[in-house]
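Reviewing the structure listed below.
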Amino acid sequence: MRNNFYKICSICSLFIVFFMVISCSNDAETKYMVVQVPAEEQEKTYSVNVLNNIICKENLRGIDCLYFKEGAEDIPYVNITELCNYFTVEYPEKYKVLITSNNNNYTSTALIDLTKRKIYFSNYDHYISQFYSESSKTFFDLANVQENDFIKIEKSFNSWGAPIEVNFSGFEDFVLCAEIDGKLNYYVSLNTFGNLFTNNQYVYNGKEVYSVNIVNYLNEFDNAKEFYRFDEGTGKKMRSSALTDFTYNELCINLDLNYGLKELHGNKFDCFDSYFEYVGLKSKLLDPDPEIFCKAIWDLCAAYFSDNHSNFELASYYCGYDIAKKFKERVETGDENLLTGNSISKKMELYYTARQNAYSENVPGLEFSDDGKTAIVRFDKYTRSGASDLKAIINETNQKLEKTTEEICELIKTDYTAIQNYIVTEYYLYCVNKMIKENPEVENVILDMSNNTGGACRTAVATLAWMLGEVQTNITNSITGAKCSSVYVCDINADGKFDEKDTIKDKKLFCLISPVSFSCGNMVPAMLKSSDRVVLLGETSGGGSAVVYPTMAADSTIFRISSRYVMSENKNGSNYDIDKGIEPHVRLQPETLYDRETICSIVANMD
């Protein structure tokens, strides 16, 4: 059934209990008032369709078993007992499943009630956080900014949000129940297992199971033949009516829960089913032709969302190799059909060209003014290493490039565009900090973010800690209202200490920004401006406040969206999003930003 009952509904607390993460308690009795759901629907009870048989496929790559409802063998499910690997799973009453998460001395629950066709999450932010860090102190870990030897949380504060419920009253097959050997078993779809319950996301191509992380592998498209079952033919396959309906319904629930910029972009619809109907996408998303569905997802991300974080990634395996390859080629060349014109590609070309024109040869990553008093440091993107030991990163990189740290420092000064693809930002920060510290005459440091389109939150936070000594980050869940503020310091010089040698906070600090400064390239100047210690020069940054969320549809279409976790600026205890971009203190045209003599003169003469 296709209706708008399956909405994510906020449950407003009559009072809010604030607590530090390190001493959080759930002993207080809390009362809740349900909103956004009609009273008659709250009281309604549904009969449960108990299956007497379910099909099991074992020994699939990536997951032990998949289950299928007879007559719908193209929709894979997992047994909820699989969640026992992560949680405590209990069955308090018939047709009810209670999932309990105990993480960091705090308890949260998810209650699945098939008689009400609802799932109640007591604290979804806590529930999902353990999939990012078992010792999570903060749900900013969801942006992969966990503590390690390089970065440390000095203090952190979480204000948990309202409980939420997922209403699937018009979507009977969202949770299955089957009686096997006299015992009731419960199943959720593979897609729901990843998007809602675990954040361990998988796609199924009718034969094998793949992690969503395979996107990076399949981007080398010759590797995609196995996923698209090339040996069985390259043409597309129509989706069954059951899969078509299921994919649409599950997509609505996924976006209701996970898309974070609905309110920020002024969309007041109560659920995505209503939105798709309103904008005319519903019929396309319900078309059995997978190519039409993929085009609709493309338009949803590129045109209707148009937030520059939401993007189409890979076509469904039902499209077949030939059509999927055309979609891939379109991804590589960019979308020409944006309805809002919100693409930053033309702005990137403007600023990139202006910078190239300012240098007769290669663009330096670090350069000094003629008098040696001003240093300019460039960051075009933020990358990160999977390793936590910066010394190990340095040694491994030096061996791989067959260069010493001193030689890499020279390359940074002479050809940034060449070296940035070979060293991660942790090592880059180590090098520029080292070179600036070796030049004690430096009084001013200019951070050039004017061509920075974002990247890894962890190293963006490290850059802020390097500039300011320590940095407070703020993040808000736009669905639940949860807030988190954390203070980070970094061991930039890899000496095992977090001290004054890891920062340039004693310098006069400046930052160059432009409409290209997007995502983490927007977050960094936002936090710098909020500190009241850094002068911003250039044009308004490009915005982009949400953490990116890779996701997929049930038919294996892979895309990404702006998640429910939104970067914010904290003022007087309230978080304000930074999606509209950051205004500079001083407006400068692109040509001026890259005129070294002029820009160094401007900052030298500022009080």
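Keep in mind that this is a model prediction, so the values were computed, not measured. Side-chain atoms are counted along with the backbone in the values below, which use heavy atoms only and exclude waters and symmetry mates.
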Considering non-hydrogen atoms only, spot the tightest contact between [X] and [Y] and give its length.
{"X": "Ser562", "Y": "Ser310", "result": "N-OG, 3.2 Å"}
{"X": "Tyr318", "Y": "Met238", "result": "CD2-O, 4.3 Å"}
{"X": "Leu255", "Y": "Leu300", "result": "CD1-CD2, 4.0 Å"}
{"X": "Gly206", "Y": "Lys57", "result": "O-NZ, 4.3 Å"}
{"X": "Ser189", "Y": "Tyr77", "result": "N-CD2, 3.3 Å"}

Discussion item. Using the rule given for side chain to side chain donor-acceptor pair (under 3.5 Å), can you reason through Ser556 versus Asn205, listing the C-alpha separation, both sets of side-chain angles and the distance that settles it, and then say yes or no?
Written reply: CA-CA 7 Å; Ser556 77; Asn205 72 343; over 6 Å; no

Practice prompt. Would you indicate whether the side-chain heavy atoms of Ile75 and Lys69 approach each other to under 4.5 Å?
Written response: no

Worksheet item: If we only count heavy atoms from C-beta on, is the Phe227 to Val203 side-chain gap below 4.5 Å?
Response: yes

Going by the angle between their ring planes, with limits at 30° and 60°, are [X] and [Y] parallel, tilted or perpendicular?
{"X": "Phe174", "Y": "Phe168", "answer": "tilted"}
{"X": "Phe312", "Y": "Trp298", "answer": "tilted"}
{"X": "Phe272", "Y": "Phe276", "answer": "tilted"}

Worksheet item: Taking 4.0 angstrom as the limit, do Asp555 and Arg239 come out as a salt bridge?
Response: yes

Discussion item. Testing Phe193, Tyr204, Tyr187 one by one against Tyr67 for a ring-ring contact (aromatic ring centres under 6.0 Å, His included), which residue passes?
Written reply: Tyr187

Discussion item. Evaluate Tyr46 against Leu114 for side-chain contact (heavy atoms from CB on, under 4.5 Å), listing each step before the verdict.
Written reply: CA-CA 7 Å; Tyr46 296 86; Leu114 273 70; over 6 Å; no

Pair [X], [Y]: side-chain N/O donor-acceptor within cut-off below 3.5 Å:
{"X": "Tyr259", "Y": "Asp307", "result": "yes"}
{"X": "Gln201", "Y": "Asn195", "result": "yes"}
{"X": "Asn254", "Y": "Thr551", "result": "yes"}
{"X": "Thr81", "Y": "Asn79", "result": "yes"}
{"X": "Ser563", "Y": "Asn258", "result": "no"}
{"X": "Asp322", "Y": "Thr234", "result": "yes"}
{"X": "Tyr248", "Y": "Asp273", "result": "yes"}
{"X": "Ser485", "Y": "Asn474", "result": "yes"}
{"X": "Thr100", "Y": "Thr88", "result": "no"}

Discussion item. Evaluate Lys295 against Lys284 for side-chain contact (heavy atoms from CB on, under 4.5 Å), listing each step before the verdict.
Written reply: CA-CA 8 Å; Lys295 285 179 179 178; Lys284 297 175 182 177; over 6 Å; no

